[in-house]
4 protein chains.
Amino acid sequence: MTRALRADAARNRSLLLAAATEEFASRGMDASVADIARRAGVGKGTVFRHFPTKDDLIAAIVLDRVDSLAELARSLYQAPDAGAALFEFLAAAAGKQQQLDFSFLRDAGEINDRLASARERLFAAIVALVERAQGAGAVRTDVTGLDVILMMCVPSHVVSFVPGAGPELWRRYLALVIDGLRPEGAHPLGPASPMSV
Amino acid sequence: MTRALRADAARNRSLLLAAATEEFASRGMDASVADIARRAGVGKGTVFRHFPTKDDLIAAIVLDRVDSLAELARSLYQAPDAGAALFEFLAAAAGKQQQLDFSFLRDAGEINDRLASARERLFAAIVALVERAQGAGAVRTDVTGLDVILMMCVPSHVVSFVPGAGPELWRRYLALVIDGLRPEGAHPLGPASPMSV
Amino acid sequence: MTRALRADAARNRSLLLAAATEEFASRGMDASVADIARRAGVGKGTVFRHFPTKDDLIAAIVLDRVDSLAELARSLYQAPDAGAALFEFLAAAAGKQQQLDFSFLRDAGEINDRLASARERLFAAIVALVERAQGAGAVRTDVTGLDVILMMCVPSHVVSFVPGAGPELWRRYLALVIDGLRPEGAHPLGPASPMSV
Amino acid sequence: MTRALRADAARNRSLLLAAATEEFASRGMDASVADIARRAGVGKGTVFRHFPTKDDLIAAIVLDRVDSLAELARSLYQAPDAGAALFEFLAAAAGKQQQLDFSFLRDAGEINDRLASARERLFAAIVALVERAQGAGAVRTDVTGLDVILMMCVPSHVVSFVPGAGPELWRRYLALVIDGLRPEGAHPLGPASPMSV
DNA sequence: GATGAATGAGTATTCATTCAT
DNA sequence: GATGAATGAATACTCATTCAT
């Protein structure tokens, strides 16, 4: 499908993905392509050779992340402790998100078919993890998989408000989120969970 | 200090704040000044007469909100049930944020001195509410006022990911956040709370 | 419909139309908007305030020209000598085109509804002139109005090939074109005239 | 002088000239080098190995055409009927031009010495044809060879304005041009013919 | 005071051309 | 020799901000 890249081209592609990830993380989603190119140490044109559109660049970053999270979710489905498996997954997700907010998932469908279906697969894998954790009594039964997916992006978002945040601060807020998902001390949630994102 | 505004000028100022709030809410933070002016029914120049900078306009909106939340926090400090008081405050905050994310607080200091000190007052009032709620056993004692402040913006953020979200959906995620703040079923939080935002 | 322009704005609009006409004439249709702005002595943004799109600028120029030619064609329809009337019209058209080739008429329809219908009116007026000239025996009867319209752009095109062409050189080639349209010495034309442009 | 090309190189050169001709014909003079390379089935770099510049590629195409027209003009000089010979030549020129407008001749001199002198030879041959046709009474004597050369590009230009033009439509306008060149019904031409193009 | 015209720095994107593989 | 990756100048267009009316 995708031709094997020449060594230098492959290298530039990685540099670009890395640079873009950092730039989006620090400047927000409207970081300029020019800045990304500069950070990657390549010419502006090179960005467009690899990603015909800024949106394609974004999609590529998200796709990477979504695919690797889905991979992880699927492998954790085999873990013996269902509750621990889910929480480990959430930790992995939160850690990754430190670098890049999950916001693009919002309109992933509009951007890219491939991305949209990768998202579906990720969501399905997470839902499975959640349901298994509920079966094991580790997660309250009045939350849905979608609720968990939505709360998954909380730690990185919260931490983004803290100027000199330490690299592990997200763990604190993930812990808080998880405690909210536990059966102990659960109170009624009010409105029903949304059907989809 | 602040000159009394002529009646029409005062009216324009309110129209602008309202228009800007709506526009930011629906188009995001990079809504254009021209659109805001059009929605307010005034010329573009008028926007800049009232707010020398787009950032100043934003700051004015946030200031309004911060001040009214601080007011509320102070009045709830008198309420008999300390836990209910805090939770009611969080509900009010989440409801307001539905229209405009709290993100500007992030760099409030850089934007505007007046805003920065309003923020300090708001934070102090929230910290007081939290400590009283902890004293009443309604909130776990290993969270700080700042933790609560940070979690306060979660519901509106989460809801922003849901396309056709109902107007009350934020209550669901506020409930989840609050359940995480309760003493029941609390697990250790890991990293220490940050000292400031 | 179109608000009355402020004096300075009206001035800029004319400056822009003039500058664009010259620039397009000398650099061809892909003269840059920046150059046009510079030639008009205004900022780049001003071009876009007056003409939202480069194509709109082009359309405005052509519309002016088309409308004034149509006007002329209609008034010449009253002239006593039908042949002379047509030839005078062709001279006027060729003279104007010296500054700007007629090429945009080619895809005028794609550009602009208003322009498309102005073109229709122009063509109708020319066809009327041609038919009257044929009735008077001044033009061979095997050519159509459309043929004449097509040949109308020949003088300016031909002259564009001559580097230091004098300002009246187009008259020489118009004379040649007109001699081809006369009944004397007419030979069969081969393929039928197209139905439309 | 010109090294003999390796067989494959020669082949690529032809492929490129053919591809470029087609691409220019259908996309206009700003067809992209990349598209030309793709159509020829070679890499972009190969284009530049053969033609250091896009302009050189254009010049090469024109040179081919100019040389073959000159060849034709010279051979037609032997034909018994001088008028028919000239008209046949014009038909050949118009037919070729259907694929590629003659416009580059305009600045041929600036582009390329070799092209400039090929053009001189072509013009000389045409002038000879014209003068012979005038001697035979087939062409009016107040036109110069240069006039005829200039009118030669009319048919393809005119036809370019007709959207769904049939492949022979140019013949109609060539007939019109030729009728203008005949002695019958000739009227005075006004300005003198230019000395050069 | 209000208006909207003018401005120009900034943005994504294209494309001829160069050069490492 | 051939390839296609890299480059950066150029282009149309946007928008916060200034200023003449």
Side-chain angles (χ1 to χ4, degrees), chain A residues 3 5-13 16 30-38 40-57, chain B residues 5-9 12 30-38 41-57, chain C residues 3 5-13 16 30-38 40-57, chain D residues 5-9 12 30-38 41-57:
Chain A
R3 284 254 129 267
L5 248 34
R6 248 169 54 182
D8 54 348
R11 187 177 141 67
N12 275 344
R13 190 174 198 280
L16 275 170
D30 44 3
S32 90
V33 172
D35 285 347
I36 291 170
R38 193 168 319 116
V42 305
K44 218 177 347 165
T46 305
V47 181
F48 289 95
R49 153 161 287 273
H50 286 276
F51 309 97
T53 271
K54 190 185 177 182
D55 277 352
D56 289 323
L57 170 55
Chain B
L5 250 34
R6 260 175 41 184
D8 56 344
N12 275 346
D30 43 3
S32 89
V33 172
D35 284 348
I36 291 170
R38 193 170 316 118
V42 305
K44 226 184 331 174
T46 305
V47 181
F48 287 95
R49 161 160 296 272
H50 286 279
F51 309 98
T53 272
K54 190 186 180 182
D55 278 351
D56 289 321
L57 170 55
Chain C
R3 285 252 129 264
L5 248 33
R6 249 170 51 181
D8 54 347
R11 189 177 140 65
N12 276 344
R13 189 172 199 280
L16 276 170
D30 44 4
S32 91
V33 172
D35 285 347
I36 291 170
R38 193 171 316 117
V42 304
K44 220 184 337 169
T46 303
V47 182
F48 290 98
R49 153 162 286 273
H50 286 276
F51 309 97
T53 270
K54 190 184 178 182
D55 278 352
D56 289 323
L57 171 55
Chain D
L5 252 31
R6 261 173 42 183
D8 55 345
N12 275 346
D30 42 4
S32 88
V33 173
D35 284 348
I36 292 170
R38 192 168 320 117
V42 306
K44 224 183 335 173
T46 305
V47 181
F48 288 95
R49 161 160 296 273
H50 286 278
F51 310 97
T53 272
K54 190 185 179 182
D55 278 351
D56 289 321
L57 170 55

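Chain A is the first sequence line, chain B the second, and so forth, proteins listed ahead of strands; every chain is numbered from 1.
The distance from atom CG of C/Leu57 to atom C1' of F/dC13 is 14 Å, rounded to the nearest whole Å. Rounded to an integer number of Å, the gap from A/Leu16 CG to F/dA6 P is 8 Å. Summarising the geometry, the separation between CZ on D/Arg38 and P on E/dT14 is reported as 13 Å, rounded to the nearest angstrom. What separates CG of B/Asp35 from P of E/dG4 is a distance of 15 Å, to the nearest Å. Computed from coordinates, the C/Arg13 CZ to E/dG4 C1' distance equals 17 Å when rounded to whole Å. Look at CZ on B/Arg49: it is 5 Å from C1' on E/dG1, rounded to the nearest Å.
Side-chain contact check for B/Val33 versus B/Leu57: every heavy-atom pair is 4.5 Å or farther apart.
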Task: Criterion salt bridge (Lys or Arg N to Asp or Glu O under 4.0 Å) on A/Asp8 and A/Arg11, from CA distance to verdict - done: CA-CA 5 Å; A/Asp8 54 348; A/Arg11 187 177 141 67; over 6 Å; no

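Residues A/Thr46 and A/Val42 share a closest heavy-atom pair of CB-CG2, 3.9 Å. Closest heavy-atom contact between C/Arg13 and C/Phe51: NH2-CE2, 3.6 Å. Scanning all heavy atoms of the two residues, the minimum distance from C/Lys44 to C/Ala34 falls at CG-CA, 4.2 Å. Nearest heavy-atom pair, D/His50 versus D/Asn12, reported as atom, atom and distance to 0.1 Å: NE2-CB, 3.8 Å.
Contact annotation: C/Asn12 reaches the phosphate of E/dA6 (side-chain N/O to OP1 or OP2, under 4.0 Å). Taking 4.0 angstrom as the limit, D/His50 places none of its side-chain polar atoms (N or O) nearer than this to OP1 or OP2 of F/dG1.
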Task: Footprint string (nucleotides 14-21 of chain F, 5' to 3'): B base within contact, S backbone only, - free, heavy atoms under 4.0 Å - done: B-SBB---

Task: Base-pair map of DNA chain F as dot-bracket, where | denotes pairing with a different strand and pairs are Watson-Crick or G-U under 3.5 Å - done: .||||||||||||||||||||

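C/Val47 comes within 4.0 angstrom of no nucleic acid atom, judged by non-hydrogen atoms across all strands.
A side-chain donor-acceptor contact under 3.5 Å links B/Ser32 to the backbone of B/Asp35.
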